[in-house]
Amino acid sequence: MPPVAHEILAAPLTTGAELKDWILIVVGNLFAAFLAIRAVGYFIKDEWGKMITLGVGAVFVGAIIWAPDAVQGFLTGVWGKVSGTA
């Protein structure tokens, strides 16, 4: 059975990896809530351009928050191609 929310929060943090995961979960959830509020506001005001821009930006920021290792690998590869070291 998966751990209950209060068991996860009460678990001791023994290494930096657990702390990093916990921070990314909190930041990711706050980011998702912020995006939802902004998107609803843009939808109500019929500001479609701002809503699309918010969505495109959300993809990039969300990737950095929820998949930082994959983004780092991707950007390292792109930089290697640009600088000619790869």
Side-chain angles (χ1 to χ4, degrees):
M1 183 161 89
V4 183
H6 70 276
E7 292 175 352
I8 292 173
L9 294 176
L13 300 173
T14 56
T15 67
E18 287 89 2
L19 179 61
K20 180 186 94 171
D21 292 340
W22 187 81
I23 289 172
L24 287 176
I25 289 170
V26 170
V27 170
N29 289 336
L30 290 173
F31 178 68
F34 171 76
L35 287 178
I37 292 168
R38 295 288 301 237
V40 168
Y42 291 147
F43 180 76
I44 290 171
K45 293 179 185 178
D46 287 334
E47 295 178 345
W48 302 106
K50 287 184 180 181
M51 193 164 67
I52 291 170
T53 304
L54 177 77
V56 171
V59 169
F60 292 113
V61 175
I64 292 170
I65 291 174
W66 287 300
D69 296 331
V71 172
Q72 181 182 6
F74 173 74
L75 292 176
T76 302
V78 169
W79 179 250
K81 297 278 186 195
V82 169
S83 66
T85 58

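For an aromatic pair to be called close, the ring centres must be under 6.0 Å apart, and Trp48 with Phe43 satisfies this.
Between atom NZ of residue Lys50 and atom NZ of residue Lys45 there is a gap of 7.0 Å, rounded to the nearest 0.5 Å. Rounding to the nearest 0.5 angstrom, the gap separating the CD1 atom in Ile64 from the CD atom in Gln72 is 11.5 Å. In this structure, Thr53 OG1 and Glu47 CD are separated by 10.5 Å, a value rounded to the nearest 0.5 Å.
Transitive grouping of hydrophobic side chains (ILVMFWY, heavy atoms separated by less than 4.5 Å) brings Leu35 and Val27 into a common cluster. Put simply, Leu54 and Val61 are part of the same group of oily side chains (I, L, V, M, F, W, Y) that touch within less than 4.5 Å, one to the next. By the criterion of side-chain heavy atoms lying less than 4.5 angstrom apart, applied directly or through intervening Ile, Leu, Val, Met, Phe, Trp or Tyr residues, Phe31 is grouped together with Trp22 in one hydrophobic cluster. With hydrophobic clusters built from ILVMFWY side chains whose heavy atoms lie under 4.5 angstrom apart, Trp66 does not share a cluster with Phe74. Hydrophobic clustering (ILVMFWY, side-chain heavy atoms < 4.5 Å, transitive): Phe34 and Ile37 are in distinct clusters.
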